[in-house]
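A quick write-up on the structure given underneath.
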Amino acid sequence: MAVESMSGRETGTTLVKRGLAEMLKGGVIMDVVTPDQAKVAEDAGAVAVMALERVPADIRRDGGVARMSDPEMITGIQQAVTIPVMAKARIGHFVEAQILEALDVDYIDESEVLTPADEAHHIDKWAFTVPFVCGATNLGEALRRISEGACMIRSKGEAGTGNIVEAVRHLRSIIGDIRKITQADSAELFDWAKQLRAPLPLVREVAETGWLPVPMFCAGGISTPADAGLVMQLGAEAVFVGSGIFKSSDPAPRAKAIVEAATNYRDPHILAKVSRGLGEPMPGLEIDGLETRLADRGW
Amino acid sequence: MKVGVLALQGAFGLHEQVLNRIGVAAVQVRTPEELAGVDRLVIPGGESTAISKLLDANGLGDPLADRLADGLPVLGTCAGMILLTAEVVDGYPGQHRFGAINATVRRNGYGRQSESFLAPIDIEGWESAFPGVFIRAPVVESVGRDVEVLAELDGVPVLCRQGSTVVSSFHPELAQDDRIHRWFVEQDWSTGHRWFVEQE
């Protein structure tokens, strides 16, 4: 919600909210569960941290209902670092989002990693000053989230698996459909809007510009510098790393290596250099063996 | 003339788009070789901690300091301003401070994202206000005598120049207004100049 104050200053405008996402491009956003981990992330060159109580791999292991984090824990992380701090609210849980806004987090992730609170509705994100990022597995989902006010999209992947295959599937689906839409004629755009279950004006905007109206980052399964390079070359504009850093054997050097990979993603020599001697990545999971597919959450 | 955009992290793509829109072919700078080939440089908004570390990782710290000392014209926005300024309050330990602007800035001085804002900026000698987008922006706390303040917001400098270094707290790359980029590119930095003389 845009608010006007002194000297004609307007906070919470769409430009101001999307603007922070623009500033995070080319960077790495890391999941952290303690202030110490947040410091490690900042020291490694993270552009932001996602404050949460359990990384997705542990949420998956523990089962049960996953909720917004304890405000005390989020505040502790805000005090530990100077970079932006994000936090997660459950899908549709607008009161968790109100609380996170009151805590002055810099971005809210309305996230399928937590247990959904509403089976039909996402949060009306236009009602907030704080910007939102939402996950998407395909272009229709991305445009529906943008129509609800999301200022950044992240392809979902399958969080907590250390397996990049779903992230690649989702990125290819979104970007592949964007390419097709740019080739469609004006009559075909009506059908695209129907097929995607997305508002026609947004579909037209994608057709004209060849991209989403907000930045698109990638999440879910990134655990090596090569993974970061892969999704960036496929078209992601920055990466979220959840379990991939702090579930590996030696988090600090891996975090730094993934940061350097996100910048130098087109240079295989640098990718080779930063990939050396990082120790064991997080243990990975086969998608077919999963009890719960987090990416299926959200509508 | 070749205009480079430091492309380590941040809104470098938006700066490229603005430059392309005004007919300037911008090149991305990630390596010392690429830096050596440019006549002007833009340092974009982003996270100054991350950009500073990536300058070291990519071996750009010393070459950039040398180019700045030689008078390379440079436009630094937000994080770019922080890196180019001599003194940073609430900065990150060990972060680059190239000192091309003799001033003190407070990192994130305008507050967190909830306090990020859009405000019209009156620039000396310009007919209409420039749309200033401030995102977790640095506050200029003081400037040296050799720094020319080109615009203020509520008495606080937001656009400054020293020699051929120009810095802003706000993000001209986010505005649909190319006047600052156009001026930075068209200005003849080899001669004496005052900001507003060149403006229509």
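Everything quoted here is computed from the prediction, not taken from an experiment. Order of the sequence lines fixes the chain letters, A, B, ..., with proteins taken first and strands second; residue numbering starts at 1 for each chain.
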* To do: Starting from the C-alpha separation in whole Å, work towards a yes-or-no answer on side chain to side chain contact (heavy atoms under 4.5 Å, CB included) for B/Glu173 and A/Glu22.
  => CA-CA 10 Å; B/Glu173 71 273 25; A/Glu22 296 287 345; over 6 Å; no
* Asked: With a 4.5 angstrom heavy-atom cut-off, which part of B/Ala79 approaches chain A: side chain, backbone, both or neither?
  -> neither
* **Among the listed options A/Ile270, A/Leu15, A/Leu24, the residue most often paired with chain B at heavy-atom distances under 4.5 Å** => A/Leu15
* Interface moiety of A/Asp43 toward chain B, non-hydrogen atoms closer than 4.5 Å -> both
* Asked: Are A/Arg9 and B/Asp154 within salt-bridge range, i.e. N to O under 4.0 Å?
  -> yes
* To do: For chain B, find which of A/Ala48, A/Pro131, A/Ala44 contributes the most heavy-atom pairs closer than 4.5 angstrom.
  => A/Pro131
* Should B/Arg136 and A/Met23 be marked as a side chain to side chain contact (heavy atoms under 4.5 Å, CB included) after you check the CA-CA gap, both sets of side-chain angles, and the distance that decides it? -> CA-CA 10 Å; B/Arg136 289 172 48 96; A/Met23 298 309 139; over 6 Å; no
* **Taking every non-hydrogen atom, the tightest pair across B/Phe117 and A/Val16** => C-CG2, 3.6 Å
* Contact origin within B/Phe170 toward chain A - heavy atom pairs under 4.5 Å -> neither
* **A/Gln78, part contacting chain B, at a heavy-atom distance under 4.5 Å** => both
* Would you mind telling me which of A/Ala46, A/Gly27, A/Gly45, A/Ala262 has the largest number of heavy-atom pairs within less than 4.5 Å of chain B? => A/Gly45
* Which residues in residues 39-58 of chain B have a heavy atom less than 4.5 Å from any heavy atom of chain A? -> B/Gly45, B/Gly46, B/Glu47, B/Thr49, B/Ala50, B/Lys53, B/Leu54, B/Ala57, B/Asn58
* Structure fact -> Honestly, the part of B/Leu14 sitting under 4.5 Å from a heavy atom of chain A is side chain
* Kindly check if the number of other-residue, nucleotide or ligand heavy atoms within 6.0 Å of CD (B/Glu87) is above 12? => no
* Can you check whether B/Gln113 reaches A/Pro84 side chain to side chain, under 4.5 Å on heavy atoms? -> no
* Can you tell which part of A/Glu42 gets under 4.5 Å to a heavy atom of chain B, answering side chain, backbone, both or neither? => both
* How about A/Gln233: does its CD atom have over 12 heavy atoms from other parts shown lying under 6.0 Å from it? -> yes
* Heavy-atom neighbours of B/Asp146 CG exceed 12 at 6.0 Å -> yes
* Kindly compute the distance separating CZ (A/Arg266) from CD (B/Gln28), expressed to the nearest 0.5 Å. => 8.5 Å
* Asked: What option among B/Asn108, B/Thr31, B/Val133, B/Leu174 has the most heavy-atom pairs under 4.5 Å with chain A?
  -> B/Leu174
* Is the backbone of A/Lys25 close enough, under 3.5 Å, to the side chain of B/Gln9 for a donor and an acceptor to pair up by distance? -> yes
* Atom OH of B/Tyr92 with >12 non-hydrogen neighbours under 6.0 angstrom -> yes
* Between the main-chain N or O of B/Leu8 and the side-chain N or O of A/Thr263, is there a donor-acceptor pair closer than 3.5 Å? -> yes
* List in chain and number order the residues that pass ring-ring contact (aromatic ring centres under 6.0 Å, His included) with A/Phe246, two or more places apart in sequence or in another chain; answer none if no residue qualifies. => none
